[in-house]
Amino acid sequence: MPEEAGFPPAKRFRPGCGPPRGRVLMLLTAGGGGGRRRPQPALAQPAAGVYPEAVERQRRSLPIFAARGQLLAQLRALDSAVLIGETGSGKTTQLPQYLYEGGFGRQGVIAVTQPRRVAAISLATRVSDEKRTELGKLVGYTVRFDDVSSEDTRIKFLTDGMLLREAISDSLLRQYSCVVLDEAHERTVHTDVLFGVVKTAQKRRKELEKPPLKVVVMSATMDVDLFSQYFDGAPVLYLEGRQHPIQVLYAKQPQQDYLHAALVSVFQIHQEAPPSQDILVFLTGQEEIEAMSKTCRDIAKHLPDGCPPVLVLPLYASLPYAQQLRVFQAAPKGCRKVILSTNIAETSITITGIKHVVDTGMVKAKTYNPDSGLEVLAVQRVSKAQAWQRTGRAGREGSGICYRLYTEDEFEKFEKMTVPEIQRCNLASVLLQLLAMKVPDVLTFDFMSKPSPDHVQAAVAQLDLLGALEQKDGQLTLTPVGRKMAAFPLDPKFAKTLLLSPKFHCTEEILTVVSLLSVDSVLYDPPSRRDEVQAVRRKFMSSEGDHITLLNIYRAFKNLGGSKDWCRENFVNSKNMALVAEVRAQLRDICLKMSMPMVSSRGDGESVRRCLAHSLFMSTAELQPDGTYVTTDSRQPVAIHPSSVLFHCRPACVVYTELLHTSRCYMRDVCVVDADWLHEAAPDYFRRKLRAARDGAHCP
DNA sequence: GAGCACTGC
């Protein structure tokens, strides 16, 4: 039986003595009380009721209502404001309505951005309900593949990526009077770029004597000073939330094995707490979660008499949708739900009924090394902000408890904030978009958190190799090819592949390939059924590599009607496959608008591979005499990823789509190419590389 | 020789 987990006596915490809040210029408290309803951006919920009075009463009961007048007055006087509000303050649903009611919708549309699609859609639905209007009229939303807005729309919810794309065709954001950047504390790449874009638009509109652009940054409790400083000392307003109190318990001593500690904690809670209280455990990845699920189920079989049964549910993004949905269903009466999740349950998925959160303090995260072009996926400590976010998941319906499997001293040593994504990702795509917006000097663009010069330089070099850049009057600008590349919602290298495809008579095929590569994998590989998967997949496998294999799968899917049954039988994720078809249609439209000829190679894999060789020549690896591979670009030792159809093969020369460092450095999505094609594609590049390799050999 | 956190256009 599990031994004692070792938690010290409870430490009570309420909103206020929890996460650091930064400098607060004005403190506003909730007016009234009572109402328990809180908005949940991630879940579609109907508004308070069908009766207008009920809606109005509920709106007035929210903490933000007391701040309404001051907020509007401030925004009339100033161009920017920062609004800090905890969960339940009502800021996301109410502020856009206040702005509209305050007349800000007369000069233009009020935009509200969200990092996630579901949030944009469900918020628009809620607010249009509260306004008792039809969705798409006064209140609407715009996300990729789905635009429910019209000329009448005054309040528009968008994903931050969508507003960014709109900014490419109009960097002054002329149709908008206000931009509300919500969930700013998440610091997604898109939000970070938007910070700069809206700030620039504000300045330019002022210079051109156009109507002002009002900007409101909305965030949870972090980064207050940073936001305020960036927007020229914008005032910060603080709103009280309606989060329930959460007890935070720390481990007594550092834990050597967080998995063991998690297991012990889960079963200690299970034996002590009423079975109606569900448990959410934060772990790092699929493999770990599946292994832990099995262990939990095994232990649950041998619990003492009188101990309630447990329902163990894994949760991670690549889990098939139907299995993800199981976490929302209530467990049978008398049975406890134990959800083992990645950080998907931190923000993207909100589960009701969670009373206990077990936080291992670990997360798997990607970092990017500009020197080698290598992405590193590694388990690391969470930040304090992230730990508080996890803790908050225990207090959504009532008071909760968070068990931190690390000591308070350890917690104090965690980084305050997670490093913003823009400082740990490949910037090629960001740079291409900024250049497409005609940002005068991308190298000195006013980022809130500047990426390192190495990162920027690596992106410039990458775009240059793709033929997207040129120098004009000492400034970087886009070539005609670069401008075309920016029109596609794709990684720049895939956009280039698509643009090259007519030359190889395989545009239809490349459309399919880049669509497949730009969404989550369509292949479903349950580890427990590995042999079955292997047998089924054999019929699609191509000795030419993963790209041609994927093409075969897509063809079979289309030719056989694309049914869900076919997907199930062939271990294909039908949801992702449907998305591929949507992406493909969107890309095809863009190609047609550019008058690209729609040509097909009719099953000839070689022309597809030639096309890939010509666009991805900077991502190649060569077989060494000892049977290993090194990249041509930086002589980095690499291996073919075990998921590749070429895992057991050793072609002399390959191009790859992605380099990922996990337990070692892997190439993912690998395609067999002829070395001659590569030299033909970029003779200067390979001459340079050859010389570097030779010189390197002489003086190591 | 043996494996993949999470979004988004």
Side-chain angles (χ1 to χ4, degrees), chain A residues 42 113-120 142-147 158-169 183 186-194 282-291 315-319 341-349 362-367 375-380 382 386 389 418 421 424-425 429-430 432-433 436 485-492 494-495 515 518-521 523-525 527 530 579 582-583 586-587 590 626-629 637-644 646-650 658-669:
Chain A
T113 69
Q114 293 293 319
R116 282 168 294 279
R117 291 167 52 94
V118 270
T142 307
V143 298
R144 190 181 188 184
F145 308 127
D146 201 4
D147 180 10
L158 313 89
T159 43
D160 45 18
M162 199 69 213
L163 188 60
L164 207 53
R165 200 133 273 281
E166 287 187 7
I168 292 180
S169 39
E183 309 283 6
E186 288 191 26
R187 304 293 306 272
T188 68
V189 181
H190 289 155
T191 313
D192 265 30
V193 178
L194 273 180
F282 283 102
L283 297 164
T284 68
Q286 172 176 351
E287 217 177 70
E288 189 175 283
I289 286 169
E290 291 295 349
L315 180 63
Y316 45 86
S318 60
L319 196 69
S341 175
T342 60
N343 43 350
I344 194 170
E346 252 171 44
T347 49
S348 306
I349 291 181
M362 307 304 280
V363 68
K364 202 179 275 186
K366 209 182 239 181
T367 51
E375 293 177 310
V376 182
L377 192 59
V379 171
Q380 57 194 54
V382 296
Q386 222 173 342
Q389 178 69 28
T418 309
E421 202 184 348
R424 52 189 173 87
C425 75
S429 186
V430 167
L432 185 70
Q433 282 187 306
M485 282 164 62
F488 292 98
L490 286 172
D491 188 305
F494 295 149
S515 302
S518 64
V519 309
D520 281 342
S521 177
L523 308 178
Y524 172 51
D525 292 295
R530 195 161 289 173
L579 192 59
E582 267 192 301
V583 172
Q586 187 191 24
L587 297 178
I590 299 170
D626 65 357
T628 63
Y629 285 88
V638 289
I640 295 175
H641 195 276
S643 65
S644 171
L646 297 177
F647 182 53
H648 294 287
C649 313
R650 292 190 191 178
E658 189 186 19
L659 273 189
L660 186 70
H661 193 111
T662 50
S663 62
R664 54 195 293 198
C665 188
Y666 285 112
M667 299 179 276
R668 284 172 67 179
D669 298 314

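Throughout, a chain's letter reflects where its sequence line sits, starting with A, and its residues are numbered from 1. Computed over heavy atoms, backbone and side chain alike; hydrogens, waters and symmetry mates excluded.
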Of all the nucleotides listed (B:dT7, B:dG3, B:dA5), which has the minimum atom distance to the side chain of A:Ser643?
B:dG3
Within the structure shown, what part of the strands sits under 4.0 Å from A:Ile344 by heavy-atom distance: base, sugar-phosphate, or nothing?
sugar-phosphate
Roughly, in whole Å, what's the span from CG in A:Leu587 to P in B:dC9?
13 Å
Residues at least two apart in sequence or cross-chain that pass side chain to side chain contact (heavy atoms under 4.5 Å, CB included) with A:Ser341, listed by chain then number, are A:Leu280, A:Leu315, A:Ile339, A:Ile344, A:Ala345
Where the side chain of A:Leu377 is concerned, which of B:dC9, B:dA5, B:dG3 is the nearest nucleotide?
B:dA5
How many Å lie between CD on A:Glu346 and C1' on B:dC6, as a whole number?
9 Å
Flag if over 12 foreign heavy atoms under 6.0 Å of CD, A:Glu582
yes
Using a heavy-atom cut-off of under 4.0 Å over every strand shown, decide if A:Ala639 touches base, sugar-phosphate, or nothing.
nothing
Distance check: side-chain N/O of A:Ser429 vs OP1/OP2 of B:dC9, anything under 4.0 Å?
no
Would you please name every residue forming a salt bridge (Lys or Arg N to Asp or Glu O under 4.0 Å) with A:Glu166, sequence neighbours left out?
A:Lys156
In whole Å, I'd like the distance from the CE atom of A:Met362 to the C1' atom of B:dA5.
13 Å
Figure out the CD/C1' separation between A:Gln286 and B:dA5, and round it to whole Å.
11 Å
Whole angstrom is fine here: how far is it from CD in A:Glu186 over to C1' in B:dT7?
9 Å
If you look at every strand shown and take non-hydrogen atoms under 4.0 Å, does A:Thr628 touch a base, only sugar-phosphate, or nothing?
nothing
Start at the 5' end of DNA chain B and walk down; is the nucleotide closest to A:Lys366 or to A:Asp491 reached first?
A:Lys366
Looking at A:Lys366, is its backbone amide N or carbonyl O close enough to the side chain of A:Arg424 to form a donor-acceptor pair, meaning the two atoms are under 3.5 Å apart?
yes
Side chain of A:Tyr316 (C-beta onward), nearest among B:dA2, B:dC9, B:dC6:
B:dC6
Using the side-chain heavy atoms of A:Thr159, tell me which of these nucleotides is nearest: B:dA2, B:dG8, B:dG1.
B:dG8
Among B:dG1, B:dT7, B:dC9, the nucleotide that comes nearest once only the side chain of A:Phe647 is considered
B:dG1
Have a look at A:Val143 and say if it touches a base, only the backbone sugar-phosphate, or nothing, with a 4.0 Å heavy-atom cut-off.
sugar-phosphate
Just to confirm, is there a sub-4.0 Å distance from OP1 or OP2 of B:dG3 to any side-chain nitrogen or oxygen of A:Ser663?
yes
Polar side-chain contact A:Arg530-B:dG3 base: donor and acceptor under 3.5 Å
yes
Side-chain contact check for A:Asp520: nearest option of B:dC9, B:dT7, B:dG3 is B:dT7
In whole Å, what is the span from the CD atom of A:Glu375 to the C1' atom of B:dA5?
12 Å
What contact category does A:Thr342 fall into here, base, sugar-phosphate, or nothing, at under 4.0 angstrom with non-hydrogen atoms?
sugar-phosphate
Contact class for A:Arg116 vs. all strands (heavy atom < 4.0 Å): base, sugar-phosphate, or nothing?
sugar-phosphate
Quick one: A:Asn343 CG to B:dC6 C1', roughly how many Å, whole number?
6 Å
Rounded distance (Å) that lies between atom P of B:dG1 and atom OH of A:Tyr629
14 Å
A:Glu658 side chain to A:Arg668 backbone, donor-acceptor under 3.5 Å:
no
Map A:Val519 and A:Lys364 onto DNA chain B by nearest heavy atom, then report which one ends up closer to the 5' terminus.
A:Lys364
Any donor and acceptor pair, going by atom type alone, linking the side chain of A:Glu421 with main-chain N or O of A:Thr188 inside 3.5 Å?
no
Does A:Tyr666 place a side-chain N or O at less than 4.0 Å from the phosphate oxygens OP1/OP2 of B:dG3?
yes
